Undergrad: 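Please find one structure pasted underneath; my questions will follow.
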Amino acid sequence: MISESGSFMKGVVLGGVFCVLVTLLGHFKMGHGTRAHHHEHHHIQAPNKNDVLNLSEDERLELSQSIRVYCIILVKPKDLGHWAAVKETWSKHCDKAEFYSSENIKVFNSVVLDTNDMWMMMRKAYKLTYERYKDEFNWFFLAYPTTFAIIENLKYFLLKKDPAQPFYIGHTVKSGDLEYVDSEGGIVLSIGSLRRLSHIFKDTDKCPEQGGMIWKLSEDKQLAVCLKYTGVIAENAEDSEGKDVFNTRSVNALIKEAMANHPEQVVDGCCSDMAITFNGLTPNHMHVMMYGVYRLRPYGHIYNDALIFLPPEGSDND
């Protein structure tokens, strides 16, 4: 989605302001921590708005309909509150979303993985996803239940990228010689990279299920190691101005930081207008974000987006 006035970001910031107010009242609880962000990595940018405006209407329609995103949400029984919030909010905007759980939970439908280990969960989820959906979807987005995602912005970011190519995208971190996508901000794989990953899973020397040095790494680092053997490298996602679009912290935390460090430029110092993810939200704040991003609109203001990403058929999304 494109809008010169940054329509999505207006909603995000409004939702964030609500979150800040709640925080000041002492009711905010932070989620996962954030790891250091280094800039010694590969960068990949969203298309410039003029690139899309110069396309014909038929070309825009074809592009918007060609991007199909399958969402994988990894959950455990302790995540029930977040699980419900994700199910009721942003996951409706995926072309298909499924929850992959460590064990069977009667109150929610899920793909049961029968393991509590996060690397095994991630590995099994990707393996099943490829087997079931390799011919149906071209982009695969993996997230934790504390993540809030704006899928339309993800589709815009992916607009002119070839899914047959091995893309591995998100908020990139460098750890020693290893560059990896921080899973707290969400991980995006193209069908090209998922295909390579499915093949390397069969090589237990390069990509073991357990044991060896790889077992000591976090799941997102282990994924990067396996992908590296296939020639797939992590790429940091940015908007056309160079701002990160996958965030490993909540919009609340980012706005508070901007208020402290750049009080004269709170919005510009906080986040991209085309932000895709935020992490560390409580279930209540997910609903606040949903209100700010998708529902709150100033009456009479017209948004001249060049593209429309229609909801999946039969979806009850906002």
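Predicted model only: the values in this text are computed from it and were never measured. Numbers here simply count residues along the sequence, with the first being 1.
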Undergrad: Mind checking the OG1-CD1 spacing from Thr147 to Ile73? Nearest 0.5 Å is all I need.
TA: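 Those atoms lie 9.5 Å apart.
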
Undergrad: When Tyr133 is tested against each of Tyr70, Tyr126, Trp139 for ring-ring contact (aromatic ring centres under 6.0 Å, His included), which residue passes?
TA: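 Among the candidates, only Tyr70 passes.
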
Undergrad: Indicate the atoms forming the closest heavy-atom contact of Thr277 with Ala149, along with that distance.
TA: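 Smallest heavy-atom distance, with atoms named: CG2-CB, 4.0 Å.
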
Undergrad: When rounded to the nearest 0.5 angstrom, what distance separates CG in Leu189 from OH in Tyr130?
TA: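 The distance works out to 12.5 Å.
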
Undergrad: Test side chain to side chain donor-acceptor pair (under 3.5 Å) on Glu179 and Tyr168 and set out the steps.
TA: CA-CA 11 Å; Glu179 292 179 282; Tyr168 165 40; over 6 Å; no

Undergrad: Considering all heavy atoms of both residues, which atom of Cys271 and which atom of Lys243 are nearest to each other, and what is their separation?
TA: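 Between these two residues, the closest heavy atoms are O-NZ, 4.0 Å.
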
Undergrad: Would you say Gln165 and Ser190 make side-chain contact, with heavy atoms under 4.5 Å?
TA: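 SC-SC contact between Gln165 and Ser190 ruled out.
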
Undergrad: Indicate yes or no: at least one non-hydrogen side-chain atom of Leu80 is less than 4.5 angstrom from one of Phe108.
TA: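 Yes, their side chains come closer than 4.5 Å.
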
Undergrad: State plainly whether the residues Asp117 and Arg123 are in salt-bridge range, i.e. N to O under 4.0 Å.
TA: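 Salt bridge: no.
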
Undergrad: Please work out which of the three classes, parallel, tilted or perpendicular, describes the rings of Phe157 and Phe246, given edges at 30° and 60°.
TA: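 Taking Phe157 first and then Phe246, their aromatic rings stand perpendicular (interplane angle over 60°).
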
Undergrad: Can Leu223 and Glu219 be said to form a side-chain contact (heavy atoms from CB on, under 4.5 Å), step by step?
TA: CA-CA 6 Å; Leu223 174 65; Glu219 66 274 12; over 6 Å; no

Undergrad: Between Asn279 (side chain only) and Arg249 (backbone N and O only), is there a donor and an acceptor less than 3.5 Å apart?
TA: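 Flag not set: sc Asn279 to bb Arg249 has no pair under 3.5 Å.
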
Undergrad: Between Ser175 and Leu178, is there a donor-acceptor pair closer than 3.5 Å when you use the side chain of the first and the backbone of the second?
TA: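 Checked: no pair found.
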
Undergrad: Return the CG to CD1 distance between Asp205 and Ile200, rounded to the nearest 0.5 Å.
TA: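 That separation rounds to 9.5 Å.
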
Undergrad: Is the shortest heavy-atom distance from the side chain of Phe99 to the side chain of Trp83 under 4.5 Å?
TA: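 Side chain of Phe99 against side chain of Trp83, heavy atoms only: contact under 4.5 Å found.
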
Undergrad: Any chance you could measure His82, atom NE2, to His285, atom NE2, to the nearest 0.5 Å?
TA: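 That separation rounds to 10.5 Å.
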
Undergrad: Quick check: do Val225 and Lys221 have side-chain heavy atoms less than 4.5 Å from each other?
TA: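 Not touching, per the 4.5 Å side-chain cut-off.
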
Undergrad: Can you tell me how far the CE atom of Met290 sits from the CD1 atom of Ile150, to the nearest 0.5 Å?
TA: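 The CD1 atom of Ile150 is 10.0 Å from CE of Met290, to the nearest 0.5 Å.
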
Undergrad: Is there a side-chain contact between Asn153 and Ser272 (heavy atoms, below 4.5 Å)?
TA: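 They are not in side-chain contact.
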
Undergrad: Give a yes or no on whether the backbone of Glu136 and the side-chain of Arg68 come within a donor-acceptor separation of less than 3.5 Å.
TA: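 Present.
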
Undergrad: Can you name the salt bridge (Lys or Arg N to Asp or Glu O under 4.0 Å) partners of Glu241, sequence neighbours left out?
TA: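 Result, salt bridge (Lys or Arg N to Asp or Glu O under 4.0 Å) vs Glu241: none returned.
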
Undergrad: Once rounded to the nearest 0.5 Å, what's the spacing between atom CD1 of Ile72 and atom CE of Met122?
TA: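 Here the interatomic distance stands at 9.0 Å.
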
Undergrad: If we only count heavy atoms from C-beta on, is the Ile187 to Phe140 side-chain gap below 4.5 Å?
TA: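 Answer no - side chains too far apart.
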
Undergrad: Testing the basics here: between Phe148 and Met286, what is the closest heavy-atom pair and its distance to 0.1 Å?
TA: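 For Phe148 and Met286, the tightest heavy-atom pair comes out as CE1-O, 3.5 Å.
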
Undergrad: Establish whether Ile233 and Leu217 are linked, either directly or via other cluster members, by ILVMFWY side-chain heavy-atom contacts under 4.5 Å.
TA: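 In one cluster: no.
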
Undergrad: For the hydrophobic clusters of this structure (ILVMFWY residues joined by side-chain heavy atoms under 4.5 Å, transitively), does one cluster hold both Val107 and Val112?
TA: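 Per the 4.5 Å side-chain linkage, Val107 and Val112 are not co-clustered.
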
Undergrad: Does Lys124 use its side chain to pair, donor to acceptor, with the backbone of Leu113 at less than 3.5 Å?
TA: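 It does hold such a pair.
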
Undergrad: Please list, chain by chain and in numerical order, all residues satisfying side chain to side chain donor-acceptor pair (under 3.5 Å) with Ser110, sequence neighbours excluded.
TA: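 Side chain to side chain donor-acceptor pair (under 3.5 Å) list for Ser110, sorted by chain: Ser101.
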
Undergrad: Could you please spell out the steps behind the side-chain contact (heavy atoms from CB on, under 4.5 Å) verdict for Leu197 and Thr230?
TA: CA-CA 7 Å; Leu197 183 63; Thr230 72; over 6 Å; no

Undergrad: Is a donor on one side and an acceptor on the other found under 3.5 Å between the side chain of Ser193 and the backbone of Phe167?
TA: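 The answer is yes, because a donor-acceptor pair under 3.5 Å joins these two groups.
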
Undergrad: How close do Thr248 and Gly185 get, counting heavy atoms only, and between which atoms?
TA: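 Closest approach of Thr248 to Gly185, heavy atoms only: CG2-N, 3.8 Å.
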
Undergrad: Apply side-chain contact (heavy atoms from CB on, under 4.5 Å) to Leu227 and Tyr180, showing your working.
TA: CA-CA 10 Å; Leu227 285 171; Tyr180 67 98; over 6 Å; no

Undergrad: Sub-3.5 Å donor-acceptor pair from the side chain of Asp244 to the main-chain atoms of His171, do we have one?
TA: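 Checking the backbone N and O of His171 against the side chain of Asp244, no donor-acceptor pair under 3.5 Å is found.
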
Undergrad: Between the main-chain N or O of Glu88 and the side-chain N or O of Lys92, is there a donor-acceptor pair closer than 3.5 Å?
TA: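 Yes; judged by distance alone, with no hydrogens or angles, the pair exists.
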
Undergrad: Using every non-hydrogen atom in the two residues, find where Cys270 and Ile255 come nearest and quote the distance to one decimal.
TA: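 That would be SG-CG1, 3.6 Å.
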
Undergrad: Indicate the atoms forming the closest heavy-atom contact of Glu131 with Lys134, along with that distance.
TA: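 Minimum heavy-atom contact is O-NZ, 3.7 Å.
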
Undergrad: Tell me whether Thr89 contacts the main-chain N or O of His287 through its side chain, where contact means a donor paired with an acceptor under 3.5 Å.
TA: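 Answer holds: no.
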
Undergrad: In the structure I gave you, are the side-chain heavy atoms of Tyr229 and Asp203 within less than 4.5 Å of one another anywhere?
TA: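 No; the side chains remain at least 4.5 Å from each other.
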
Undergrad: Would you check if the side chain of Thr172 reaches a backbone N or O of Asn236 as a donor-acceptor pair within less than 3.5 Å?
TA: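 Yes, Thr172 side chain to Asn236 backbone: donor-acceptor pair under 3.5 Å.
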
Undergrad: Tell me whether the count of non-hydrogen atoms from other residues, nucleotides or ligands lying under 6.0 Å of CG in Asp162 goes above 12.
TA: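 Counting other residues, nucleotides and ligands, CG of Asp162 exceeds 12 neighbours.
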
Undergrad: Report the C-alpha separation of Thr129 and Tyr100 in whole Å, then their side-chain angles, then the decisive distance to 0.1 Å, and conclude whether the side chain to side chain donor-acceptor pair (under 3.5 Å) test is met.
TA: CA-CA 10 Å; Thr129 293; Tyr100 288 75; 3.2 Å; yes

Undergrad: Applying a strict under-4.5 Å side-chain criterion to I, L, V, M, F, W and Y, I'd like to know whether Val111 and Phe201 cluster together.
TA: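 They do share one cluster, since a chain of ILVMFWY contacts under 4.5 Å joins Val111 to Phe201.
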
Undergrad: Without swapping roles, check the side chain of Lys76 against the backbone of Asn116 for a donor-acceptor pair under 3.5 Å.
TA: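 It does hold such a pair.
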
Undergrad: Taking the side chain as every heavy atom from C-beta outward, state whether Asp220 and Val181 have any atom pair closer than 4.5 Å.
TA: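 No, too far: nothing below the 4.5 Å cut-off.
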
Undergrad: Between Leu154 and His93, does a side-chain contact (heavy atoms from CB on, under 4.5 Å) hold up when you go through it step by step?
TA: CA-CA 11 Å; Leu154 172 58; His93 292 246; over 6 Å; no

